[in-house]
Amino acid sequence: SEETQSKRQRIAHEVSALTQDINERRTTPLAQVKVQGVTPDSRSVLIAEPNAEGGFDIVCVMPKLSDTLYDALIKSAAKQITADKAETAILNQEVETFTGVVAGNEANAQAAA
């Protein structure tokens with residue numbers, strides 16, 4: 001369907017954007033960490049959970065990340081970004097509609113007064 005095609009295109013766009021961001025962050029990373037007992041000899045995934053101080057605790061390191069898993073993680077992130085953008089667009093539309101209704105109601109109230 002057209003909706004499915006459109007969704008696939010949006011996801012593909014986000015995959016491309018994420019890949020570009022990752023490539024740029026290779027020269028300017030978000031953070032650098034050393035984990036005891038883990039040798040940084042291959043691409044790895046750090047699993048982090050939020051902590052009470054507003055940061056993250058690294059709770060697991062998955063070394064030697066396969067290309068297949070890497071691609072799946074990127075696609076999963078792209079799907080989440082696409083869903084978040086769609087939700088934001090819906091909320092923005094509802095705000096516009098609500099704002100218009102409130103403005104109309106205020107105009108009617110002033111006219112009645």
Side-chain angles (χ1 to χ4, degrees):
S1 71
E2 269 186 51
E3 184 177 331
T4 301
Q5 292 282 15
S6 176
K7 185 176 179 181
R8 285 182 182 162
Q9 288 175 345
R10 289 191 307 269
I11 291 170
H13 170 76
E14 293 302 336
V15 166
S16 177
L18 278 171
T19 302
Q20 183 178 351
D21 285 348
I22 290 168
N23 287 334
E24 290 172 6
R25 288 182 183 152
R26 285 189 173 116
T27 58
T28 55
L30 297 173
Q32 293 181 339
V33 297
K34 290 183 182 182
V35 179
Q36 287 183 339
V38 178
T39 305
D41 60 356
S42 64
R43 185 169 50 198
S44 301
V45 170
L46 304 177
I47 298 177
E49 293 185 356
N51 62 34
E53 290 80 38
F56 292 94
D57 294 331
I58 298 170
V59 296
C60 180
V61 178
M62 296 173 50
K64 299 180 182 170
L65 184 67
S66 71
D67 290 342
T68 303
L69 184 53
Y70 177 83
D71 292 342
L73 288 170
I74 297 296
K75 189 170 183 179
S76 179
K79 285 181 180 180
Q80 184 62 51
I81 291 167
T82 300
D84 290 348
K85 285 183 176 181
E87 183 177 342
T88 299
I90 290 168
L91 291 174
N92 287 339
Q93 182 60 43
E94 288 179 5
V95 166
E96 281 184 36
T97 301
F98 179 74
T99 302
V101 169
V102 169
N105 287 344
E106 286 179 0
N108 289 342
Q110 287 178 354

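Numbers for residues simply follow the sequence, beginning at 1.
- In this structure, CD in E2 is found 10.0 Å from CD in Q9, a value given to the nearest 0.5 Å.
- Between the side chain of D57 and the backbone N or O of V59, no donor-acceptor pair lies under 3.5 Å.
- For the pair A48 and F56, the tightest heavy-atom approach, listed with the atom from each and the gap, is CB-CB, 3.8 Å.
- When each of L46, V33, V45 is paired with V61, the side-chain contact (heavy atoms from CB on, under 4.5 Å) condition holds for L46 and for no other.
- Summarising the geometry of S44 relative to P63, their closest heavy-atom pair is OG-CA, 3.3 Å, with the distance given to 0.1 Å.
- Counting non-hydrogen atoms of other residues, nucleotides and ligands closer than 6.0 Å to CZ of R8 gives a total of 12 or fewer.
- Y70 and V38 fall into different hydrophobic clusters, where Ile, Leu, Val, Met, Phe, Trp and Tyr residues are linked whenever their side-chain heavy atoms come under 4.5 Å apart, directly or through other members.
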List, one per line, each side-chain donor-acceptor pair under 3.5 Å for residues 10-26, sequence neighbours excluded.
unit_1, atom_1, unit_2, atom_2, d
R10, NH1, S6, OG, 2.7
E14, OE2, K85, NZ, 2.7
T19, OG1, V15, O, 2.8
Q20, NE2, E24, OE2, 3.3
N23, OD1, R26, NH1, 2.3
N23, ND2, T19, O, 3.3

